[in-house]
S.K.: 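One structure, pasted below without further comment.
Throughout, protein chains are lettered first and strands after them, A, B, ... in sequence-line order, and every chain is numbered starting at 1. Note: hydrogens, waters and symmetry copies are ignored here, and every other heavy atom, side chains too, is used. Keep in mind that this is a model prediction, so the values were computed, not measured.
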Amino acid sequence: MDTSWHNSIDKVIHEPARLSMLACLYVVESADFVFLQRQTGLTGGNISSHMSKLEEAGYVKVEKTFVGKRPNTSFQLTEPGRKAMEVYCDRMKKVLGDLAG
Amino acid sequence: MNEIQGAAKLESKIYTGYWQDGTVDLVAGGCLALIGLSWINGYPALGAIVPALGVPVWMALRQSVTVPRMGQVKFSQQREARQRRGLVWTLGLGVAALLLFASLYALAAVRPESDSDFLAVKVQWIAALPPVLLSVLALCAALMLGLGRFAVYAGVLVLAGLVVAVADLDPGWGMFGAGAVVWVAGIVILARFMKRYPPEPADS
């Protein structure tokens with residue numbers, strides 16, 4: 001059985017917290033920090049650190065603005081991020097399909 | 001294909017979840033009850049301005065109660081377009097329902113005094129029309145937002161219309177009664193929402 005598939009899996013995406021944030025951003029236009037927190041159940045610190053990694057990879061665009069006097073950070077999936085998610089889903093489906101036999 | 005279905009399902013779940021704050025129930029119920037009260041007190045024209053006040057009140061509530069607790073999200077352009085279409089249909093149906101009721105009521109009002117009891121019974125049923133017609137709007141909202149409780153509200157409105165017809169009441173009582181039920185449901189949902197989601201600091 002060929003087990004070299006693990007090299008083709010995007011490890012930036014293949015992390016539960018990042019995957020849940022990306023899944024949420026994949027289906028909406030954009031979402032802010034609090035919304036992502038509510039949807040994923042992650043803490044603020046977790047979201048910040050994982051978002052930095054996703055931003056570094058170029059998968060997420062971060063926009064910092066003010067809503068009234070409150071700072072507001074919103075996130076949007078970039079085109080490469082969307083493509084990477086699609087590739088990731090295809091590969092995982094293939095790996096799981098192979099395992100199921 | 002499965003991926004598209006899965007993504008659509010997740011998007012629908014997130015979209016429906018964004019309407020579980022009870023603010024729309026609270027404002028819609030309050031508007032209905034106020035319209036009913038204005039009719040009961042003989043000022044039906046006052047009822048016409050209530051929906052115009054309801055929209056800014058709802059937006060302010062959403063901004064001050066929902067956004068600090070739930071955050072902000074912008075849905076896809078397809079979803080926004082679908083929402084706009086749904087809104088246009090709902091408003092169109094609302095206007096049509098209002099015109100239908102006004103015409104029927106005007107026709108009934110000009111009927112000769114000598115008419116038989118049969119016509120009087122018909123007038124009684126016309127009085128039941130406003131809540132029944134509004135139930136169509138509640139069903140539209142149920143379909144548009146994917147919220148089953150609005151289908152229940154549609155049932156409450158139909159029931160209110162039947163009570164008004166059978167008990168020969170002013171149509172305002174039907175609107176007031178149904179509005180009060182929706183308003184109370186909104187209070188309960190909002191209280192649960194606020195308890196479940198305490199406000200978050202803007203950015204952690």
S.K.: Using a 4.5 Å heavy-atom cutoff, which residues in residues 74-87 of chain B come close to chain A?
M.R.: K74(B), F75(B), S76(B), Q77(B)
S.K.: Main chain of Q72(B), side chain of D32(A): is a donor-acceptor contact present, judged purely on distance under 3.5 Å?
M.R.: yes
S.K.: Nearest heavy-atom pair of P68(B) and V34(A): which atoms, and what distance?
M.R.: O-CG1, 4.1 Å
S.K.: Output yes when a side-chain donor or acceptor of R38(A) lies under 3.5 Å from a complementary backbone atom of R69(B), and no otherwise.
M.R.: yes
S.K.: Return yes when atom CH2 of W183(B) has more than 12 non-hydrogen atoms of other residues, nucleotides or ligands closer than 6.0 Å, and no otherwise.
M.R.: no
S.K.: Does R82(A) have more than 12 heavy atoms from other residues, nucleotides or ligands lying within 6.0 Å of its CZ?
M.R.: yes
S.K.: Give the C-alpha distance, both sets of side-chain angles, the deciding distance and a yes or no for side chain to side chain contact (heavy atoms under 4.5 Å, CB included) between Q39(A) and M70(B).
M.R.: CA-CA 9 Å; Q39(A) 293 300 318; M70(B) 200 69 181; 4.0 Å; yes
S.K.: Taking 4.5 Å as the heavy-atom cut-off, does anything in residues 11-26 of chain B contact chain A, and if so which residues?
M.R.: E11(B), I14(B), Y18(B)
